[in-house]
Amino acid sequence: MITDKLQTLGRDTINNIAGFGRSGLMLFGALVGKPDFRKGFPLLIRQLYVIGVLSLLIIVVSGLFIGMVLALQGYTVLVKFGAEGMLGPLVALSLLRELGPVVTALLFAGRAGSALTAEIGLMKATEQLSGMEMMAVDPLRRIIAPRFWAGVISMPLLALVFNAVGILGGHLIGVDWLGVDGGSYWSTMQANVDLYQDVLNGVIKSFVFAIIVVWIALHKGFDAVPTSEGISRATTQTVVTASLTVLGFDFILTALMFGG
Amino acid sequence: MTTRKIEILVGAFIVVAVAAFLMLALKVANAGVTGSGESYVLYAKFENIGGLKVRSPIKVGGVVVGRVASIELDTVYYTPVVKMEINEQYSNFPETSSVAILTSGLLGEQYLGLQPGFIDETVQILADGDSIQDTRSAIVLEELIGQFLFNRGN
């Protein structure tokens with residue numbers, strides 16, 4: 001009885017660690033080696049379109065609404081202290097430090113991560129990956145690498161767009177609707193936001209999140225059981241694991257960057 | 001979807017992202033205008049800095065001329081030493097200038113108020129690395145109330 005439990009625990013641990021190892025080997029095989037820009041660049045552009053450009057709409061719409069909600073909620077509290085002039089820094093700092101990188105990563109995991117997993121899982125199930133190997137084409141270099149780079153490049157850019165649109169959304173609600181002074185919205189924001197401390201730390205955060213999300217998505221697809229059920233499980237796992245890992249790492253990064 | 005169209009859309013995506021970054025850097029963080037301009041350093045010793053923080057503004061007549069670069073404790077006398085970075089544009093403060101820690105509004109942020117002094121033949125202009133001698137510390141509300149109650153007791 002107890003030995004069965006112990007055995008299950010041990011097997012799960014070994015499987016998890018083996019999974020880490022396989023994902024590391026996958027990434028190593030995809031990224032390490034002499035880059036071939038002439039072949040790789042068109043593939044990268046194609047993936048930037050699928051992963052980055054097609055995610056732009058959901059990012060812009062969510063950013064706008066989150067900025068608007070932040071302004072609305074922040075205003076109700078700040079106006080009690082007569083401090084509605086501080087609405088600008090409230091919106092900007094929440095977006096730049098936390099919400100921008102984190103929400104972008106969560107949306108990205110749902111919008112692009114799940115698609116990556118399903119695509120690669122299906123390639124594996126229909127034995128396209130084995131076919132490539134038969135034709136002496138390395139699927140890691142041709143399939144995994146451009147998707148990884150496209151994700152890592154586009155997510156910080158998406159987070160920047162999210163932040164900018166969110167701050168404009170906050171302006172829309174705070175200044176145009178609730179009547180906060182437009183000059184003080186921008187000037188208090190400029191006095192309180194620092195380029196390195198706030199903007200660039202946010203970019204670093206979203207860079208780390210991009211690596212996490214894309215790596216998990218690619219590994220889950222590459223490692224999926226090649227059946228329809230396996231692919232559906234892998235897709236679900238991608239979204240769940242990537243979201244939880246992003247939230248966990250967000251705490252660590254926040255503690256390191258702003259905790260001291 | 002042709003390759004050309006995809007490439008144009010990816011190019012537009014990069015342009016939008018760069019525009020967002022520029023907006024965040026210039027309009028939101030206001031870098032490059034006052035943040036990284038040419039500046040020189042002055043020092044001032046205080047008895048008590050109250051709630052003054054690094055990056056608090058330094059104002060002359062309400063106009064921001066610089067920011068607090070660092071606040072450290074003098075290791076000999078254990079008094080706070082404030083390092084001030086002042087815009088190169090305003091480099092003609094005489095050594096008779098005084099600096100005080102003030103509060104904007106009743107509950108607002110604390111800032112350094114710089115008061116330019118008089119000039120005659122013997123007075124020199126403060127240069128990079130000099131200290132301002134005439135300083136007034138922050139008013140700590142608790143000490144003020146304490147003194148008031150003490151005086152009433154007499």
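Just so you know, these numbers use all the heavy atoms, side chains as well, and skip hydrogens, waters and symmetry mates. Residue numbers begin at 1 in each chain, while the letters A, B, ... track the order of the sequences. This structure is a prediction, so every number in the text was calculated from the model and none was measured.
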Legend entry - Partner of B:L24 by side chain to side chain contact (heavy atoms under 4.5 Å, CB included), out of A:I167, A:L195, A:V161: A:I167
Legend entry - chain B contact via A:D198 - which portion, at a heavy-atom distance below 4.5 Å: neither
Inset, instruction - Could you tell me which non-hydrogen atom of B:L26 sits nearest to which non-hydrogen atom of A:Q190, and how far apart they are? - result: O-NE2, 4.4 Å
Inset, instruction - Measure the CZ-CG distance between B:F21 and A:L157 for me, rounded to the nearest 0.5 Å. - result: 10.5 Å
Inset, instruction - Inspect the surroundings of CD in A:Q128 and state if more than 12 heavy atoms from other residues, nucleotides or ligands are less than 6.0 Å away. - result: yes
Inset, instruction - Verify the neighbour count for atom OH of B:Y40: are there more than 12 heavy atoms of other residues, nucleotides or ligands below 6.0 Å? - result: yes
Legend entry - Heavy-atom contact with chain B under 4.5 Å, split by part of A:L48: both
Legend entry - Under 4.5 Å from any heavy atom of chain B - which part of A:S154: both
Legend entry - Which of A:G52, A:S187, A:A83, A:A92 touches chain B most, by non-hydrogen pairs under 4.5 Å: A:G52
Legend entry - A:I153 CD1 to B:I14 CD1 distance, which is reported to the nearest 0.5 Å: 7.0 Å
Inset, instruction - Evaluate whether atom CZ of A:R142 has more than 12 neighbouring non-hydrogen atoms of other residues, nucleotides or ligands under 6.0 angstrom away. - result: no
